[in-house]
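Below is one structure, written out as structure tokens; the observations come after it.
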Amino acid sequence: MTGIRLACVAICCVIWAVYDGTVSGYKTMRAVVFEQFGGPLAVQRVSDPTPSADGVVVRVKSTGVCRSDWHGWQGHDRDIRLPHVPGHELAGEIVAIGSEVHGLELGARVTVPFVSGCGACPPCGRGDPQVCDVQFQPGFTHWGSFAEYVGLRYAERNVVRLPDSLSYELAASLGCRFTTAYRALVQLAQLKADETLVVFGCGGVGLSAILIAQALGARSVAVDIDAAKLELARSVGADVLINARAQPRVAAQVVEATQGGADVSMDALGSSLTLNQALDSLRKRGRHVQVGLMVGEPSEVTVPMGKVIANELVLLGSHGIAAGAYADVFELIAKKRVPLERILGPRLRLEDVPAQLEQMGNFGGVGIALVDPSS
């Protein structure tokens, strides 16, 4: 009987260890998973990631919930393979390192751009990893950060060390919101001091754009249909607010408020309506940058090329940012004391992610929602 009893105890210990995620070679973690597009989202136990030879594993300390995650869940991204773990705006610490990775160490505080370049294709060779031919995207091409751990490929070229002054939450809020706005306005549209920016959509990207405009000494006009989002935009520096639900002549309002049109427009929402309103809001020789994804549109959107030609407008598309640009982003935040904390929204657990993603479909929520997977 003693042998049987000991065997039963051993079996129970193994079962508990597996459940608790502590058996070597069979470790598990909690993650948000969906098994069909638009289907149920649930927190499940899945296998821990292991580092690829060129990758690392990061313990996720904070991760943002973005509308791009909603698009992925709805099946708008062709790179996703089911079952899938979403999440792409992350910050954490390195807990495992691949055999081919040099210059990174265990325990390092890091983040990563949502597009990581391979370093070998022609775009990467030209210094444009954000449009890499074989890019790695956590939460899209591979499992993402709505989990306790996430594996990242191409780590040596893309993983970014965090300044000691930047918390995990603030680093995660940079995600594809602040860094995307930085790429769009600073690197592409080249917004300057004393110029005027109009932003369509005051979600995380739009609010980040307003913060950046203020840091650069530019004026900004915020356009949205949600009064709460507009008030948040005002609090972070927007000079003019336009409620598109109450003001049907949005472009005319922008032209009037800017005395002839904005120098730069940004569509941070992504629709035929907002794109055309943005173009109509520009002065002659103005620059438009498209950030919002044009998904869900019934067909390819129509652009008024006659106006573009006649007014010599510049149209720019902006996808992501290279890891090498983070040093400039960190410098801007530190030198201009950019108040990132003002655009942070609710703090969530993994169990809260499904409901948060559902409301993203209706553009719900104010500020950047952040998840602590350990809570």
Side-chain angles (χ1 to χ4, degrees), residues 174 176-226 229-244 247 249-271 273-293 307-308 311-319 321 325 328-329 332-333 335-340 342-343 367-368:
L174 298 180
C176 82
R177 263 66 89 83
F178 192 90
T179 53
T180 295
Y182 182 93
R183 165 71 175 163
L185 297 180
V186 178
Q187 295 186 323
L188 292 175
Q190 299 182 7
L191 180 67
K192 299 176 180 63
D194 296 326
E195 288 191 322
T196 301
L197 166 73
V198 58
V199 178
F200 287 79
C202 295
V205 173
L207 292 170
S208 297
I210 292 165
L211 285 175
I212 290 168
Q214 186 176 51
L216 296 176
R219 299 174 296 277
S220 60
V221 178
V223 182
D224 205 291
I225 61 172
D226 187 313
K229 291 181 179 179
L230 287 170
E231 283 306 313
L232 182 54
R234 185 200 300 276
S235 75
V236 298
D239 299 282
V240 178
L241 308 180
I242 297 177
N243 189 321
Q247 297 283 353
R249 297 173 60 253
V250 173
Q253 292 284 324
V254 175
V255 171
E256 180 180 346
T258 57
Q259 298 181 340
D263 298 283
V264 176
S265 63
M266 172 192 282
D267 178 8
L269 178 68
S271 75
L273 175 62
T274 49
L275 166 61
N276 280 275
Q277 288 177 332
L279 293 175
D280 288 342
S281 299
L282 286 172
R283 64 165 177 82
K284 292 182 177 180
R285 307 208 75 227
R287 293 101 70 194
H288 172 74
V289 59
Q290 186 65 35
V291 172
L293 299 175
K307 173 170 288 191
V308 172
N311 291 350
E312 292 192 353
L313 304 180
V314 177
L315 273 60
L316 300 160
S318 185
H319 185 220
I321 194 169
D328 293 334
V329 172
L332 177 73
I333 292 169
K335 281 190 173 181
K336 299 297 184 178
R337 299 183 180 179
V338 178
L340 291 171
R342 292 188 185 178
I343 63 173
I368 297 174

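Ile212 CD1 to Leu207 CG: the interatomic distance, rounded to the nearest 0.5 Å, is 11.0 Å. Atom-to-atom distance recorded for His288:NE2 and Asp280:CG is 11.0 Å, nearest 0.5 angstrom. Rounded to the nearest 0.5 Å, atoms CD1 (Ile210) and CZ (Arg234) are 11.0 Å apart. The structure places OG of Ser265 at 11.0 Å from CD of Gln277, a figure rounded to the nearest 0.5 Å. Once rounded to the nearest 0.5 Å, the distance linking CG of Leu211 with CG of Leu185 reads 11.0 Å. Within the model, atoms CG of Leu174 and CG of Leu340 stand 6.0 Å from one another, a figure rounded to the nearest 0.5 Å.
Shown here are the side-chain contact (heavy atoms from CB on, under 4.5 Å) partners of Thr180, two or more places apart in sequence or in another chain: Phe114, Cys176, Val291. In this structure, Arg219 has no salt bridge (Lys or Arg N to Asp or Glu O under 4.0 Å) partners at least two apart in sequence or on a different chain. With sequence neighbours left out, the side chain to side chain donor-acceptor pair (under 3.5 Å) criterion links Asp263 to Arg283. Ser208 is linked by a side chain to side chain donor-acceptor pair (under 3.5 Å) to nothing, counting only residues two or more places apart in sequence or in another chain. Residues forming a salt bridge (Lys or Arg N to Asp or Glu O under 4.0 Å) with Arg342 (at least two apart in sequence, or on another chain): none. Taking the salt bridge (Lys or Arg N to Asp or Glu O under 4.0 Å) definition, one finds that Arg285 meets it with Glu312, sequence neighbours left out. Shown here are the side chain to side chain donor-acceptor pair (under 3.5 Å) partners of Asp224, two or more places apart in sequence or in another chain: there are none. Contacts of Gln214 classified as side-chain contact (heavy atoms from CB on, under 4.5 Å), with partners at least two apart in sequence or in another chain: none. Legend: residues meeting salt bridge (Lys or Arg N to Asp or Glu O under 4.0 Å) with Arg177, ordered by chain and number and at least two apart, are Glu89. Partners of Leu316 by side-chain contact (heavy atoms from CB on, under 4.5 Å), not counting sequence neighbours, listed by chain and number: Leu188, Ala189, Val289, Val314.
In terms of heavy atoms, Thr258 sits closest to Val254 at OG1-O, 2.7 Å. Leu230 and Ala222 get closest at one heavy-atom pair: CD2-O, 3.6 Å. Scanning both residues, Ala244 and Ile225, for their nearest heavy atoms gives CB-CG2, 3.8 Å. Ala184 and Met266 make their closest contact through CB-CE, 3.8 Å (heavy atoms, listed as atom of the first residue, atom of the second, distance). Residues Ile343 and Val236 approach most closely at CG2-CG1, 3.8 Å, considering heavy atoms. Pairing each heavy atom of Leu332 with each of Val338, the nearest pair is O-CG2, 3.8 Å.
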Passes side-chain contact (heavy atoms from CB on, under 4.5 Å), Phe178 versus Ile333? Steps please.
-> CA-CA 10 Å; Phe178 192 90; Ile333 292 169; 4.0 Å; yes

Worked verdict on Val264 versus Gln190 for side-chain contact (heavy atoms from CB on, under 4.5 Å) | CA-CA 9 Å; Val264 176; Gln190 299 182 7; over 6 Å; no

Using a 3.5 Å cut-off and no angle test, enumerate the donor-acceptor pairs between side-chain atoms of residues 197-206 and protein atoms at least two apart in sequence or in another chain.
none

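Sorted by first and then second residue, the pairs that involve residues 189-205 and meet salt bridge (charged side-chain N to carboxylate O under 4.0 Å, His left out), not counting sequence neighbours, are Glu195-Arg287.
Between the side chain of Gln290 and the backbone N or O of Gly292, at least one donor-acceptor pair lies under 3.5 Å.
Put simply, the side chain of Leu279 reaches to within 4.5 Å of the side chain of Leu315, judged on heavy atoms. Side-chain contact between Thr196 and Val240 is absent, with no heavy atoms from C-beta onward closer than 4.5 Å. Within the 4.5 Å cutoff, side-chain heavy atoms of Val223 are placed close to those of Val250.
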